[in-house]
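Down below is the structure, laid out as structure tokens.
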Amino acid sequence: MCGIIGLVGRRGYHVNQLLYDGLTVLQHRGQDAAGIMTENNKKFHLRKSNGLVKDVFYKKHMTNLLGSSGIGHVRYPTAGSSSVAEAQPFYVNYPFGISLAHNGNLTNADEVHKLLTNVHRRHVNTTSDSELLLNLLAMELHSRTLNLDINGEIHVDVKTIFSSVHELNNQITGGYACVSLISGFGLLAFRDPNGIRPLVFGSREIDGEKEWIVASESVAIHALGFDVERDVLPGEAIFITSDGKIFTKICADETNHSPCIFEHVYFSRPDSIIDGISVYQARLNQGQRLAERILEEFPEHDIDCVIPVPDSGRYAALQLANTLDVEYREGFVKNRYIGRTFIMPGQAMRMKSVRRKLNAIPHEFNGKNVLLVDDSIVRGTTSEQIVEMAREVGANKVYFASAAPPVRYQNVYGIDMPAVKEFIANGKNIDEICQTIGADKLFYQTLEDLIEVTSIKGQQSWDTSCFNGKYVTGDVTDEYLISLELARNDDAKINNDKPGVTIELHNDE
Ligand code: 5GP
Ligand code: MG
């Protein structure tokens, strides 16, 4: 998963600080790399590198990032490797100079790659599907603007841009939300026809002049002092000219809004509103429904307290405790200075870092029957370790609840869940999973319940593929899933993540 942001500010003012601040607000969407591209008088300025936003941009970079429009990206690798060459935004010089940042994953990247290299003879330098997307967009714009030069002046109109996006949408499949700078013209943003990945835009007025922002989550818009206009619609493109005029159009033959439900389980910040749904409210609802099910299944329960797995388990746990009418207690302290465990390649590394990340407060466990609540169980690393920790500090019984159903299928739309055999639920029923994590009882939300309580605004369709293997784009074949698994499983990641340095060489040092 990634986070993206785009800004068109007033002429003469620089948007570098706003982009930086926005990326820090979107940091939870990706910690692997960060990048900003700005445009000033038809010159692009770029800084991107591996690392957190605060570690990528120094003062010297910021002072170079001049311009009143720009885009930014925080990366969490889902396709390709995590080498710095694949950090975003990407850039092509032809036509006009275009730069692009993308959140999501294309499911027909191989096909697009063949088309670009064999038919259009474009050079694609990385394994990132975002570079493919940018090149295809460039190709579409190029083929439509060949004859548009008037008196030697390069000109591209909004109609041409929208028809290029329309043709792009006809040629790519998957989940994608993008922001793109077209040099000399403005900022383009678009969302795939299923609206799988979120994208929202906003504005503000200063001294009678409009400024515009597009971002993965509404929280970035609010944090920067803008007002949300609305979500970008599935299949919609919006174009904001460098002087602040906005145009919007649905650029798809067919749209079927099916947003990723996992955004509401785990990925988004709780203070965001996506497609009109408060992520916080969705998580409270998930906790409440799960509690109702626990009461049905375990009416004479002996749970003394509910303890969340911080941080993402807190919201569901809070409402779950209220509904069960048992105490909500904080039993684990999280070290906020440590990276995420999930994306660390290799199971051994993940196990170690759960212990470093979370520590139990014995007082909350001693002699008690505790119900631990997390938003989801993926590989089971967190739950297994945390159940053990609870027992070590004297818990009597340890129950576990997951606000999401078992994750059993690969995610192909931009969440890093590529290898089925790494999921704890793979090939196991709930009792077997419970045994593996060592809990006394395990409660999972059902998919029907998750959908019902998250559809606060009557959402009709969701991407729930990691829970039921149904892929809304309809093009995902077994062959594709196998190739994804091979490219992105733990072993592959460990090799990918050391570009240019073999592990043996590293060990010899
Ligand atoms: P597990 O330890 O079972 O592999 O993963 C579950 C834990 O990781 C949960 O605490 C959940 O909050 C978190 N998690 C779930 N999905 C993702 C993801 O896509 N990326 C990251 N970084 N963490 C995740
Ligand atoms: Mg968590």
Side-chain angles (χ1 to χ4, degrees), residues 175 194-198 200 217-218 231 233-234 255-299 301 303 306 308-309 312-326 328 371-378 399-409 411 413 415 417 423 425 429-430 433 441-474:
N194 292 291
I196 297 175
R197 304 265 63 95
V200 55
E217 290 184 40
S218 62
D231 293 82
L233 300 173
T255 62
N256 172 25
H257 193 198
S258 312
C260 170
I261 206 161
F262 210 72
E263 292 277 354
H264 292 278
V265 169
Y266 168 77
F267 224 91
S268 291
R269 261 178 58 155
D271 44 347
S272 279
I273 296 187
I274 305 177
D275 300 316
I277 299 175
S278 151
V279 175
Y280 179 70
Q281 185 64 50
R283 289 183 190 166
L284 292 183
N285 291 0
Q286 290 159 17
Q288 174 165 341
R289 177 59 63 88
L290 187 54
E292 288 161 4
R293 296 298 184 203
I294 291 173
L295 287 172
E296 281 168 25
E297 204 179 304
F298 193 21
H301 76 79
I303 302 164
V306 168
V309 180
S312 47
R314 284 210 173 101
Y315 314 96
L318 178 67
Q319 196 66 352
L320 195 149
N322 287 340
T323 311
L324 286 183
D325 198 21
V326 303
Y328 172 92
L371 172 60
L372 310 182
V373 181
D374 207 347
D375 60 274
S376 59
I377 304 175
V378 183
Y399 305 122
F400 203 97
S402 162
V407 172
R408 295 188 190 277
Y409 300 90
N411 188 294
Y413 300 126
I415 295 184
M417 294 180 180
F423 299 147
N429 62 30
I430 294 182
I433 305 170
K441 265 183 194 294
L442 171 62
F443 306 96
Y444 268 112
Q445 189 95 255
T446 66
L447 183 55
E448 296 69 40
D449 281 346
L450 175 67
I451 292 173
E452 195 183 316
V453 301
T454 308
S455 304
I456 295 168
K457 299 276 174 183
Q459 180 67 39
Q460 293 294 312
S461 169
W462 291 96
D463 160 44
T464 55
S465 51
C466 57
F467 305 121
N468 64 0
K470 292 193 179 141
Y471 297 96
V472 291
T473 50

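Since this is a predicted model, take the numbers as computed values, not measurements. Position 1 is the first residue of the sequence, and the numbers go up from there.
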Test item: [X] and [Y] side chains (from C-beta on) under 4.5 Å apart, heavy atoms:
{"X": "T446", "Y": "P405", "answer": "no"}
{"X": "L371", "Y": "F443", "answer": "yes"}
{"X": "H264", "Y": "I274", "answer": "yes"}
{"X": "R197", "Y": "I415", "answer": "yes"}

Practice item. Go through the steps to decide whether V326 and H301 satisfy the test side chain to side chain contact (heavy atoms under 4.5 Å, CB included), and finish with yes or no. Key: CA-CA 11 Å; V326 303; H301 76 79; 3.7 Å; yes
At what distance, to the nearest 0.5 angstrom, does [atom1] of [X] lie from [atom2] of [Y]?
{"X": "D449", "Y": "L290", "atom1": "CG", "atom2": "CG", "result": "8.5 Å"}
{"X": "L320", "Y": "Q286", "atom1": "CG", "atom2": "CD", "result": "11.0 Å"}
{"X": "I377", "Y": "F423", "atom1": "CD1", "atom2": "CZ", "result": "13.0 Å"}
{"X": "L233", "Y": "H257", "atom1": "CG", "atom2": "NE2", "result": "8.5 Å"}
{"X": "S272", "Y": "F267", "atom1": "OG", "atom2": "CZ", "result": "12.0 Å"}
{"X": "I303", "Y": "F298", "atom1": "CD1", "atom2": "CZ", "result": "6.0 Å"}

Shortest non-hydrogen contact from [X] to [Y]?
{"X": "S268", "Y": "V279", "answer": "CB-CG2, 4.0 Å"}
{"X": "E217", "Y": "V200", "answer": "C-CG1, 3.6 Å"}
{"X": "P259", "Y": "D275", "answer": "CB-OD2, 3.8 Å"}
{"X": "A404", "Y": "Y444", "answer": "O-CD2, 3.2 Å"}
{"X": "P234", "Y": "N194", "answer": "CB-C, 4.1 Å"}
{"X": "I456", "Y": "S278", "answer": "CD1-O, 4.4 Å"}

For [Y], does its backbone N or O pair with a side-chain atom of [X] as donor and acceptor, under 3.5 Å?
{"X": "T464", "Y": "F467", "result": "no"}
{"X": "T323", "Y": "Q319", "result": "yes"}
{"X": "R314", "Y": "P308", "result": "no"}
{"X": "Y413", "Y": "T473", "result": "yes"}
{"X": "S218", "Y": "I273", "result": "yes"}
{"X": "Q445", "Y": "A403", "result": "yes"}
{"X": "R408", "Y": "N468", "result": "no"}
{"X": "E263", "Y": "I196", "result": "no"}
{"X": "N411", "Y": "C466", "result": "no"}
{"X": "S465", "Y": "D463", "result": "no"}

Check your understanding: Heavy-atom count around Y328 OH within 6.0 Å, excluding the residue itself: above 12?
Key ->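 Enclosed.
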Check your understanding: Is it true that atom CD of Q460 has more than 12 heavy atoms of other residues, nucleotides or ligands lying nearer than 6.0 Å?
Key ->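 Incorrect, the count does not exceed 12.
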Point to revise | Trace of the side chain to side chain contact (heavy atoms under 4.5 Å, CB included) decision for V378 with Y266 | key: CA-CA 11 Å; V378 183; Y266 168 77; over 6 Å; no
Review point. Taking it one step at a time, do L450 and W462 satisfy side chain to side chain contact (heavy atoms under 4.5 Å, CB included)?
Key: CA-CA 11 Å; L450 175 67; W462 291 96; over 6 Å; no
Exercise for review: Assess the side chains of Q288 and N285: does a donor N or O sit below 3.5 Å from an acceptor N or O?
Suggested key: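 No - no donor-acceptor pair under 3.5 Å links their side chains.
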Point to revise | Candidate pair D375 and R283, rule side chain to side chain contact (heavy atoms under 4.5 Å, CB included), full reasoning | key: CA-CA 8 Å; D375 60 274; R283 289 183 190 166; over 6 Å; no
Point to revise | Lys/Arg N to Asp/Glu carboxylate O, E452 vs R289, below 4.0 Å | key: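 R289 and E452: salt-bridged.
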